[in-house]
Amino acid sequence: MARSEAPVVGVLALQGDVVEHVRAFARAGATVVEVRTPADLARVDALVVPGGESTTVIRLLDRFGLTQPVRSRVAAGMPFWGTCMGMIVAAHDVAELAQPTLDLLDVTVRRNAFGRQVDSAEVPLAIPVLGAEPFPAVFIRAPWIERTGPGVETLARRDGRGVMVRQRNVLGTSFHPELTGDDRVHDYFLGMVRAARPAAASA
Ligand code: GLN
């Protein structure tokens, strides 16, 4: 486990919008490591899986030997955040598709759920854990959450559908906070990371 003043956040860098997350975490005061191998994963305090293409990334995680290491770290309490495709990869299952997942978050997601006519949209979203001001949520061919297990808290909804959930150390968002200048979700996740680093501050 990494031991430094700033939390070390890993961004899975196999495919997807990696650079935007790296910039947002740097602005929010974290040290960022791009994760491509199990050795990279061993250096980080937390892992973020960005947006991209879920079937591709599931295959790449296997090929790079990351599937089991990610599962073990998350089971041991490492904070994990999946944005859009990253949340699909983390889900228990995907509605109507026999798509393999990491099964880190007890939810069923539906891919490309908000319709094909308007593939992307920026929606002012009420997210009470981030304060009173609506969050500018960017949805790009986004999934919604169709079922949540008992330990899962829904933190935001769009049109009645869950779009931000948390289960202990695992966070999922249907939208892309890394694509806006608003870093409140990144700050919220860094709060989870700091809370999960037991002796780091006093070591
Ligand atoms: N539609 C993509 C998928 O199902 C996710 C889109 C995204 O991450 N922006 O994999």
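In this chain, numbering begins with 1 at the start of the sequence shown. Whatever order the structure lists them in is the order used to number ligands and atoms, beginning at 1.
Side chain to side chain, H92 and D103 meet the donor-acceptor criterion of an N or O pair below 3.5 Å.
The immediate protein surroundings of ligand 1, defined as residues with any heavy atom under 4.0 Å of it, consist of G51, G52, E53, S54, C84, M85, I88, R111, N112, I140, R141, H176.
A continuous path of ILVMFWY side-chain contacts below 4.5 Å connects F135 to L171, so both sit in one hydrophobic cluster.
Annotation: cation-pi geometry satisfied between R158 and F114 (NZ/CZ under 6.0 angstrom from ring centroid, within 45° of ring axis). Figure legend: cation-pi geometry between R36 and F64 absent, as NZ or CZ is not positioned both under 6.0 Å from the six-membered ring centre and within 45° of its axis.
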Apply side chain to side chain contact (heavy atoms under 4.5 Å, CB included) to the pair R166 and V152, showing each step before the final yes or no. CA-CA 6 Å; R166 177 171 175 183; V152 180; over 6 Å; no

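Among all heavy-atom pairs drawn from A90 and F80, the shortest one is CB-CE2, 3.6 Å.
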